[in-house]
Amino acid sequence: MPKQYSPTESESRWYEFWETSGFFAASEEPGDTRQTYTLAIPPPNVTGSLHMGHACRTTFEDVLCRHKRMQGYNTLWVPGIDHAGIATQVVVERQLKQEGLTRYDLGREKFIERVWQWKEQSGERILQQLRKMGASCDWPRTKFTMDPDMVRAVREAFVRLYEEGLIYRDTRLVNWDVESQTVLSDLEVEQEENVEGVMFDFAYPLADAGGEVVVSTTRPETMLGDTAVAIHPDDARYRHLHGKYVRHPFVGRLIPVILDAELVDPEFGTGVVKVTPAHDPSDFATGKRHGLEEINIFNLDGTMNENSGSFQGLDRFDARKAVEIELGNLGLARGSNKHMMTLPRSHRSGTIVEPMISTQWFVKMKPLAAPAIQAVEDGTIQILPPEWSKTYFHWLRNIQDWCISRQLWWGHPIPAWYCEDCEHVTVSREDATACGGCGGTSIRQDDDVLDTWFSSGLWPFSTLGWPEKTVALERFYPTQDMETGYDILFFWVARMIMMGLHFMGEVPFTRVLLAGLVTDERGEKMSKVKGNVVDPLDVIYGATNEQLVAKAEKAGAKKSGIKYLKSTYPDGFAAYGADALRMTLLSYSPQSRRIALSIKRIEGYRNFANKLWNASRYALMRLGGSSTKATQQCPQPKALANRWVLSRLYQALDVAATGLDAYRLDEASGALYHFVWDEFCDWYLELSKPALDSGDTALIEETEATLVHVLETVLRALHPMMPHITEEIWQRVPKWDEAPKSIMISRFPTGLVDAKLDRAAERDFEVVQAFVGSVRTIRAEHDVPRSQPMRIHWHTNDEDKHRVLDAERRTIEALGRCELCFEADPAKLDDPNAHFKNAAVFVNPGIRAAVPDVIDTDKERDRLQRNLKKVEKELGVLEKKLANPSFVERAPEAVVDKSRRDSLELREKRERLEAALNSL
RNA sequence: GGGCGGGUAGCUCAGCGGUAGAGCGCUGGCUUUACACGCCGGAUGUCGCAGGUUCGACCCCUGUCCCGCCCA
């Protein structure tokens with residue numbers, strides 16, 4: 001075994017072994033009665049390649065699946081990818097643009113062909129990248145949201161909802177993305193807050209008399225679509241306007257003054273509001289209340305249409321300026337001032353969304369939401385971390401109908417056909433050939449496609465074969481865990497719950513595990529423009545700074561982004577490996593909304609992998625000449641060190657089990673990390689050296705057995721988190737006959753079976769640790785070279801401690817690099833410098849000791865005083881507490897007792913330290 | 001306007017009723033045959049601010065100021 005573990009080659013070798021061996025496959029065998037564990041992957045979009053968010057999802061999900069699989073569950077992790085309607089269409093259109101083409105140049109059919117080509121390429125790449133992360137998906141079951149069986153599921157769902165009256169077509173005000181030229185759902189619109197805008201005031205002249213009314217707007221161009229001005233019915237200032245009209249200065253229209261208490265806040269601005277029913281949500285509602293005309297003034301691309309008079313053809317923002325100027329020319333402008341406002345922007349294209357009246361397909365949400373709320377309320381579905389339930393409820397209780405049609409080309413076509421001879425709309429599972437109303441054959445399919453989340457909403461059951469009654473659906477639905485980012489709680493999770501309950505009559509999963517968003521080390525969102533995107537593959541395989549910079553430049557990063565990249569990662573990334581990346585991602589608390597990924601942290605876990613590697617190297621080397629094997633039976637050793645490590649293993653496995661079950665993967669991985677490094681390596685391996693060299697056959701045997709057992713067990717425990725390196729090592733560990741072919745199909749360890757809690761051993765060993773620690777401190781603080789032996793004279797009145805120090809003399813000597821521990825006459829320790837030459841002194845609980853021939857008086861005084869100060873501070877707090885009668889009366893007995901004991905101990909320590917100081 | 005997070009060591013974060021922890025960084029010493037991707041020491045915090053509850057608060061409550069996100 002080489003001194004350094006190199007993940008690159010090892011990871012791909014083992015991955016291939018697992019995949020070709022069929023270890024990822026879930027069983028549909030009729031006789032298989034194992035409990036199932038199912039998790040559907042949040043399907044990555046086919047918009048490019050794997051990013052750190054996917055790496056994070058994959059890691060968490062893989063840990064859950066590998067853990068369950070090792071626990072004996074029939075585990076199914078369903079992989080797949082999403083066609084991601086608008087997002088993918090935008091990507092391909094951008095490519096076309098570089099060739100100087102638009103989708104219209106290609107035409108719908110050719111364009112879709114082109115997107116399919118892209119899908120093949122991008123989808124395949126992403127699936128390969130998931131494998132690089134170690135994902136144990138059941139690959140032959142991979143689904144794409146536009147596969148033929150998914151199409152069938154989507155059609156079935158659409159038609160059923162339509163037949164149930166839950167899908168309908170309606171004309172209403174929608175969010176229009178003028179760039180992508182499609183409608184957007186409310187969720188796809190982002191509100192950009194605190195934008196500095198201009199509030200422009202202008203006057204409408206009264207129609208039949210002199211005078212005017214002044215209105216304010218941040219969007220002057222919309223006045224071309226005004227069909228009313230509104231005042232508050234109780235506003236005394238404008239009583240004279242009741243029943244009057246104003247005249248539109250550009251289009252000549254007569255515009256009524258209406259009274260509306262809901263729309264108008266008399267305190268705000270002039271107290272008069274212009275009303276544009278076709279381009280503003282509250283004006284639209286007002287229009288409905290008053291039966292106002294809705295005049296659309298925009299074309300679909302955001303230019304002004306034929307209803308805007310002389311402004312026709314102008315872009316909406318040019319029209320805004322033109323309208324202002326013209327109003328000025330007419331003497332109707334009444335000034336302007338700065339105004340902070342909120343702008344609606346398209347989630348995808350970033351352009352300012354224009355409210356427009358349009359006919360679209362909607363899903364009626366209230367009836368679907370009710371059972372989805374219920375399922376979380378009654379605990380059928382558990383959301384973790386639990387705080388998210390509130391957000392979930394709030395959204396579902398205030399849910400609006402979902403606009404599901406999109407004016408895109410890439411997606412599931414809406415299965416609706418319009419008849420040219422009658423009004424009937426034919427909605428059908430099969431492609432319609434004739435009108436369902438009049439039987440005529442002049443029918444035309446709806447041009448639109450479905451919102452991409454419509455198909456995603458069916459994911460947990462469509463991937464298992466729905467609407468067919470498959471074995472998989474029967475066996476694996478409902479799934480157990482849904483692990484995903486909190487950002488798609490509404491987009492996806494809530495909709496899956498609604499759809500699952502509606503179509504399957506059962507929740508789609510029983511736990512929702514929400515994770516934070518991966519950001520760069522500063523906590524900023526990763527973006528190509530910022531140049532702060534960390535590609536998981538670069539982390540796994542390594543990349544030089546030049547490569548990182550080149551990649552960022554190609555992706556269109558700004559100069560500041562490149563600069564950041566150069567200064568933050570001057571040396572690029574080493575090939576840290578997938579296991580190190582996985583451990584890093586796992587180490588962040590799931591409660592945190594931000595995972596500020598730090599390369600230094602990845603490096604730390606790479607070092608951990610190396611530590612594990614070398615610990616194993618040591619263990620295997622030591623076992624080389626012996627026939628001792630791992631047996632999956634916990635040894636029953638007698639020696640303290642062996643008992644201690646098994647007990648610590650118990651504790652680590654216990655914390656790991658709790659963490660894995662409660663979705664605290666940070667705690668689970670942390671417990672194993674610290675056990676391996678701080679206890680197994682730093683103490684136990686060191687302890688094993690004198691034991692194995694002791695020549696005592698019994699001791700050697702039980703130490704070998706314990707060593708190999710702990711190693712083999714901790715590898716199994718770590719396997720879900722670090723699958724590759726644990727396999728690499730595990731394969732080399734001498735094991736029982738008939739051991740499984742792979743660690744991934746071995747049994748997940750538990751404290752009760754694979755370790756042994758031994759509180760006495762832990763307590764005793766603490767004595768050793770404290771003693772050794774003190775010895776080491778003295779050596780370090782007195783600059784005693786390693787070559788110089790240190791003799792320790794100790795004394796204790798405590799029988800247990802006496803026994804431990806006696807029995808563990810050898811280990812203490814080895815670990816403390818002190819030679820010769822002596823039991824001392826207590827009288828000598830009362831005044832150490834009278835009896836020992838140049839002695840340093842230390843005090844452990846119940847034990848005191850002198851170390852002759854090391855002293856540098858100044859340093860020793862310094863050290864003792866520092867210790868004394870600390871002791872006095874602690875003692876001060878404790879004594880104050882104990883002097884407080886209400887503490888003694890009201891605090892729990894155990895707490896008071898502990899304080900008493902601590903204070904006694906500290907007092908003794910203080911005494912000893914003072915004596916030592918005086919004796920200097 | 002409503003809601004949700006967060007403000008703890010230089011940095012990134014964990015802890016959440018019994019006298020503050022990790023990783024990285026800093027610092028002193030180690031060519032210790034598992035590992036320098038290492039080992040052994042050390043330093044570092046009025047736990048955002050102000051009140052309150054409690055025998056006791058970083059932890060609970062109230063208010064307040066910042067920062068981020070979501071919804072309207």
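Letters A, B, ... mirror the listed sequences (proteins, then strands); counts begin at 1. Keep in mind it's a predicted model, so treat the numbers as computed, not measured.
Among residues two or more places apart in sequence or in another chain, the side chain to side chain contact (heavy atoms under 4.5 Å, CB included) test is passed with A609(A) by Y5(A), M722(A), I725(A). Listed by chain and residue number, Y576(A), R606(A) satisfy the side chain to side chain contact (heavy atoms under 4.5 Å, CB included) test with A574(A) (two or more places apart in sequence, or in another chain). The side chain to side chain contact (heavy atoms under 4.5 Å, CB included) test applied to P690(A) returns A814(A), not counting sequence neighbours. Qualifying salt bridge (charged side-chain N to carboxylate O under 4.0 Å, His left out) partners for E879(A), counting only residues two or more places apart in sequence or in other chains: R907(A). Partners of K859(A) according to the salt bridge (charged side-chain N to carboxylate O under 4.0 Å, His left out) rule, which considers only residues two or more places apart in sequence or in another chain, are D783(A). In terms of the side-chain hydrogen bond (donor to acceptor under 3.5 Å, both in side chains) criterion, residue partners of R601(A) (sequence neighbours excluded) are, by chain and number, S587(A). Not counting sequence neighbours, E808(A) has no partner by the salt bridge (charged side-chain N to carboxylate O under 4.0 Å, His left out) test. With sequence neighbours excluded, the residues forming a salt bridge (charged side-chain N to carboxylate O under 4.0 Å, His left out) with R172(A) are D170(A), listed by chain and number.
Distances were taken from every side-chain heavy atom of F490(A) (C-beta onward) to each of rC39(B), rC55(B), rC71(B); the shortest belongs to rC71(B). Taking only side-chain atoms of A891(A), from C-beta outward, the nucleotide of rC55(B), rG42(B), rC35(B) with the closest atom is rC55(B). When each of rC39(B), rG42(B), rC35(B) is scored by its nearest atom to the side-chain atoms of T777(A), the top-ranked nucleotide is rG42(B).
Nucleotides rG45(B) and rU19(B), compared at atom C1', are 14 Å apart to the nearest Å. One C1' atom belongs to rG21(B), the other to rG28(B), and the distance between them is 23 Å to the nearest Å. Using atom C1' as the reference point in both rC35(B) and rC47(B), the two lie 36 Å apart (nearest Å). If you take atom C1' in rA43(B) and the same atom in rG51(B), they sit 35 Å apart, rounded to whole Å. Look at the C1' atom in both rG68(B) and rC55(B): the space between them is 39 Å, to the nearest Å. Across the C1' atoms, rC67(B) and rC30(B) are found 45 Å apart, a figure rounded to whole Å. Nucleotides rC4(B) and rC60(B) place their P atoms 15 Å apart, quoted to the nearest Å. The same atom, C1', is picked in rA14(B) and in rU54(B); the two are 26 Å apart, to the nearest Å.
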query = Where along nucleotides 20-30 of chain B does protein come under 4.0 Å, by heavy atom, of base (B) or sugar-phosphate alone (S), with - for untouched nucleotides?
reply = --S-S-----S
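Judged by distance alone with a 3.5 Å cut-off, no donor-acceptor contact links the side chain of K3(A) to the base of rC35(B).
Among the heavy atoms of the strands, none lies under 4.0 Å from D666(A). At a threshold of 4.0 angstrom between heavy atoms, the contacts of P892(A) include nucleobase atoms, whether or not backbone atoms are also involved. A596(A) comes within contact range of the sugar-phosphate backbone alone, with a heavy-atom separation under 4.0 Å but no base atom that close. Among the heavy atoms of the strands lying under 4.0 Å from R594(A) are primed sugar atoms or P, OP1, OP2 only; no base atom is included. Residue contacts shown for K525(A) are absent, as no nucleic acid heavy atom lies under 4.0 Å away. Here R397(A) lies out of heavy-atom contact (under 4.0 Å) with every strand. Within 4.0 Å (heavy atoms only), L620(A) reaches no atom of the nucleic acid at all. Heavy atoms of R617(A) sit under 4.0 angstrom from primed sugar atoms or phosphate atoms, though from no base atom. Across all strands, E686(A) comes closer than 4.0 Å to base atoms (heavy-atom distances).
Taking a pair to require two hydrogen-bonding distances under 3.5 Å in either a Watson-Crick or a G-U wobble arrangement, rG41(B) pairs with rU27(B). With a 3.5 Å ceiling on both atom-pair distances, the Watson-Crick or G-U wobble partner of rG1(B) is rC71(B).
Side chain of D520(A) to main chain of A596(A): no donor-acceptor pair is present (N/O by atom type, distance under 3.5 Å, no hydrogens or angles). Under a 3.5 Å cut-off, the side chain of D666(A) and the backbone N or O of Y588(A) do not form any donor-acceptor pair.
Within residues 566-590 of chain A, the residues approached by RNA chain B to less than 4.0 Å at the level of any non-hydrogen atom are S589(A), in residue-number order.
For K366(A), the NZ atom counts as densely surrounded, since its 6.0 Å shell holds more than 12 non-hydrogen atoms of other residues, nucleotides or ligands. Summarising the local packing, CD of E893(A) is surrounded by 12 or fewer heavy atoms from other residues, nucleotides or ligands at distances under 6.0 Å.
For the OP1/OP2 pair of rG56(B) and a distance below 4.0 Å, the side-chain nitrogens and oxygens of K880(A) include no atom meeting the criterion. An OP1 or OP2 oxygen of rG15(B) is reached within less than 4.0 angstrom by a side-chain nitrogen or oxygen of R664(A).
Checked against a 6.0 Å centroid threshold, the rings of F771(A) and F842(A) count as neighbours.
For K898(A) and rC55(B), the NZ to P distance is 22 Å, given to the nearest whole Å.
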Any protein N or O atoms within reach of nucleotides 3-11 of chain B? Criterion: under 3.5 Å, listing atom names and distances.
unit_1 : atom_1 : unit_2  : atom_2 : d
rC4(B) : OP1    : K390(A) : NZ     : 3.1
rC4(B) : O2'    : R593(A) : NH2    : 2.5

Enumerate, atom names and distances included, each donor-acceptor pair closer than 3.5 Å involving a side-chain atom of residues 673-689 of chain A, sequence neighbours excluded.
unit_1  : atom_1 : unit_2  : atom_2 : d
H674(A) : ND1    : D678(A) : OD2    : 2.8
E679(A) : OE1    : R648(A) : NE     : 3.3
E679(A) : OE2    : R648(A) : NE     : 2.9
E679(A) : OE2    : R648(A) : NH2    : 3.3
Y684(A) : OH     : N642(A) : OD1    : 2.4
E686(A) : OE1    : K689(A) : NZ     : 3.3
E686(A) : OE2    : K689(A) : NZ     : 3.1
S688(A) : OG     : Y618(A) : OH     : 2.7
S688(A) : OG     : L685(A) : O      : 2.7

